[in-house]
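Taking it in order: structure first as structure tokens, then the write-up.
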Amino acid sequence: MTDTRKLPIGVFDSGIGGLTVLRAIQDLLPAESTIYLGDTARVPYGTKSREVVTRYAINNADFLVEQGIKLLVVACNTASSVALNTLKTHYQLPVLGVIEPGARRACEITQSNVVGVIGTEATIASEAYQQALRGIKPDLTILARSCPLFVPLAEEGWLAHPITNQISRVYLTDWALDGLDTLILGCTHYPVLVASIKTAVKPSVTLLDSASVVAKTVHDLLKRQNLARDPDSDQARHVYYVTDVPERFRRVGEIFLQRPLSEVIQVDIEPAGRS
Ligand code: DGL
């Protein structure tokens, strides 16, 4: 019988953004093997409808579950916002999203009780963050805005580029007057744009990237459910799959992951009959 504890953790995103979450998981849990899927053929998700993103999320999860995983991490705010409950009911294994851990942390950090959240159009329109934040702290003032140009800039690797700084300012400078002290980066692509985003908000604003909180949540869940891999077992293995050619993913992904991307394999995950 397979020892479930030895199975890898499955992580997916629409592209390279989820590597920011994966990095935090690999750093915190070096004994754990991981399988990452970047749906690079169909990125971006943030401009697509709830139905389409849910269908993509199920394809991604089906692929990872077929590989044999013990836990699924939806390292994409857009998919977490619209498809998490569907995924949770669809599979037998634990499924973790990125919204709730980030919202919880923001509520712990804020002093002014004014929290901002930026994300894709789909994430902001779903109100998933707004509901999670209000559920934890009903008296919060929440500022929410979609920043759709950030994902292509991150995918392009234009991280602290003058154009990125300018776009950050267009999106965010008007919040400088609103008492905001905590800004949730509600898209896993955004943490690599932190230098640019900082140029557009007050220096006192905490930029909250949910990667480390998600990694901690993964750690706690593995422990609680007796799913953690024995630290003395063989070296952890990390495999990366993409749905389009791997070159760009490898090049830009190394910036996100901050380490070389060894094995990147292209796969077709669309069920037969769909184009
Ligand atoms: N990185 C994803 C997120 O956290 C999605 C970006 C996109 O595909 O639009 O929302």
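Whatever order the structure lists ligands and atoms in, that order sets their numbers, starting from 1.
Remark: the Thr34 side chain and the Gln26 side chain contain an N/O donor-acceptor pair separated by less than 3.5 Å.
Contact check on Asp3 versus Lys70 returns no salt bridge, with no Lys/Arg side-chain nitrogen under 4.0 Å from an Asp/Glu carboxylate oxygen.
For ligand 1 and Thr120, the ligand atoms under 4.0 Å from any heavy atom of the residue are 6 (C), 9 (O), 10 (O). Those atoms of ligand 1 that come under 4.0 Å of a heavy atom in Asp13, given as number and element, are 1 (N), 2 (C).
Closest approach of Ala106 to Leu133, counting heavy atoms only: CB-CD2, 4.1 Å.
Distance from atom 9 (O) of ligand 1 to its nearest protein heavy atom, with residue and atom name: Gly46 N, 2.8 Å. Looking only at heavy atoms of the protein, atom 10 (O) of ligand 1 is closest to Thr78 OG1, 2.7 Å. What sits closest to atom 1 (N) of ligand 1 on the protein, heavy atoms only, is His189 ND1, 2.7 Å. From the protein, the heavy atom lying nearest to atom 5 (C) of ligand 1 is Ser14 OG, 3.4 Å.
The part of Val151 lying near ligand 1 is the side chain, judged by heavy-atom distances below 4.0 Å.
Under a 4.0 Å heavy-atom criterion, Gly15 is not in contact with ligand 1.
The distance criterion of under 3.5 Å between nitrogen or oxygen atoms is met by Tyr45 with respect to ligand 1. Taking only nitrogen or oxygen atoms, main chain and side chain alike, Gly186 does not reach within less than 3.5 Å of ligand 1. Polar contact with ligand 1: present for Asn77 (N/O pair, distance under 3.5 Å).
Taking 4.5 Å as the limit, some side-chain heavy atom of Val242 sits within range of a side-chain heavy atom of Val264.
Atom OG of Ser168 sits about 10.0 Å away from atom OH of Tyr190, to the nearest 0.5 Å. The line from CD1 of Ile265 to OG1 of Thr243 is 13.5 Å long, rounded to the nearest 0.5 Å. A distance of 7.5 Å separates CG of Leu19 from CZ of Phe256, quoted to the nearest 0.5 Å.
Within 6.0 Å of atom CD in Gln166, 12 or fewer heavy atoms from other residues, nucleotides or ligands are found, so the atom counts as exposed in its surroundings.
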